[in-house]
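Take a look at the structure below.
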Amino acid sequence: MPELPEVETVRDGLDRWVTGRVVAAVEVRHPRSIRRHVAGADDLVARLVGRRVTAVSRRGKYLWLPLGSPGDDGPPDECLVGHLGMSGQLLVQPVGTPDEKHLHVRVRFADDGPELRFVDQRTFGGVLVDRLVPTPDRAAESVPAGIVHIARDPLDPAFDDDAFSARLRRRDSELKRALLDQSLISGIGNIYADESLWRARLHGRRRTATLTRAAVITVLASVREVLREAIRAGGTSFDALYVNVNGASGYFDRSLAVYGQEGRPCPRCGTPVRREQFMNRSSFSCPVCQPRPRATRTPAAQDTPRRSG
DNA sequence: TATTTAACCTGGACGC
DNA sequence: TGCGTCCAGGTTAAAT
């Protein structure tokens, strides 16, 4: 599933393949993929054609391509925003390559070179054109207007560890829930939350208000370690749903300690990894390295029975 | 106001 | 073989 490492891998690929190119034509094949562009497909196309992609930026799981205008050297005021959802792909394909089954948006460039395709099986992702606005904390930076509520991600040099620690500890919530809250810290999804918590030896149901500042810093260090390793591996691919812009899979799935490893030995202590239900998701952890906090040991928190078969 | 839950969506896996 | 059900999970509107 596309979390920060997968999105960063895509961003890096797009930067190499589309930055500096001018949009010649756009084809919207599935309206759901542009549902967040409320003005509709015609407006989206009109805002893209003739614009030059000046860069490829990212915050958390969001990507955007700032759009320059011919004859205007000023900073871009609009951008093409993309979110991959659960199964979205941004592919760079030679013109004439057979269409993918779930190809929803195609962008052709004036140089007749490889085209950009948005492919999405489950259509949770999408693209839109949005205004670029100054970030609340740094006026010199800009982000798409629709994602100003998204927090900086932990690999952002401007991420403030102390401010995050203070906000986290003020919350009356659970640690994993907080790590998945993109308005608090962005880029982390179910996979890397579980892997980070395992490295930090903390259970996801640990109450945030009970964490010391040192514990929060340990969690942040684990998160960064996992994310950086995953980026080096090109992301995590369980199936064909996540690939880079050239269609290649990442291989961080070989390094996963607990996620998807139910019943297999914990790499640290050998205890079988457990699976629990949490926030309508599966959570994986080590029963010994990550004991459940006693106060939240409720029937609902018990291990999920294995599916028969 | 802060926090939690449910719905959205598709296709593969599995049981019958 | 075919049908029904479960499951994956990021985001956000709705509920608590």
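Just so we're clear, the structure is a prediction, and the values are computed from it rather than from any experiment.
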Does [X] put a side-chain nitrogen or oxygen below 4.0 Å from OP1 or OP2 of [N]?
| X | N | value |
| --- | --- | --- |
| A:H83 | C:dG10 | no |
| A:H102 | B:dC9 | no |
| A:R122 | B:dG11 | no |

I'd like to check the ring pair (Phe, Tyr, Trp, His ring centres under 6.0 Å) partners of A:Y251; sequence neighbours left out, ordered by chain and number.
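Not a single residue meets the ring pair (Phe, Tyr, Trp, His ring centres under 6.0 Å) criterion with A:Y251.
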
Tell me if the CG atom of A:D72 is crowded by more than 12 foreign heavy atoms within 6.0 Å.
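Yes - once you tally the heavy atoms of other residues, nucleotides and ligands closer than 6.0 Å, there are more than 12.
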
To the nearest Å, how far apart are [X] [atom1] and [N] [atom2]?
| X | N | atom1 | atom2 | value |
| --- | --- | --- | --- | --- |
| A:L180 | C:dT12 | CG | C1' | 15 Å |
| A:R36 | C:dT12 | CZ | C1' | 8 Å |
| A:R35 | C:dG10 | CZ | C1' | 11 Å |

Give one of base, sugar-phosphate or nothing for A:S282, where a contact means two heavy atoms less than 4.0 Å apart.
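Sugar-phosphate contact only.
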
Would you indicate what A:F278 reaches in the nucleic acid, counting non-hydrogen atoms under 4.0 angstrom: base, sugar-phosphate, or nothing?
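The residue A:F278 makes no contact with any strand.
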
Can you list the residues that meet the salt bridge (Lys or Arg N to Asp or Glu O under 4.0 Å) rule with A:R232, with sequence neighbours excluded?
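A:R232: no salt bridge (Lys or Arg N to Asp or Glu O under 4.0 Å) contacts found.
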
Which letter, B, S or -, goes with each nucleotide of nucleotides 1-7 of chain B from 5' to 3', with contact meaning a protein heavy atom under 4.0 Å?
--SSBB-

Geometric class of the A:F159/A:F164 ring pair [parallel <30°, tilted 30-60°, perpendicular >60°]:
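The arrangement is tilted - the two ring planes meet at 30° to 60°.
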
Students often mix this up, so state it plainly: with edges at 30° and 60°, are the rings of A:H83 and A:Y62 parallel, tilted or perpendicular?
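If you compare the ring of A:H83 with that of A:Y62, the planes turn out perpendicular.
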
Looking only at heavy atoms, what is the nearest atom pair of A:R47 and A:E78, with distance?
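Shortest heavy-atom contact: NH1-OE2, 2.6 Å.
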
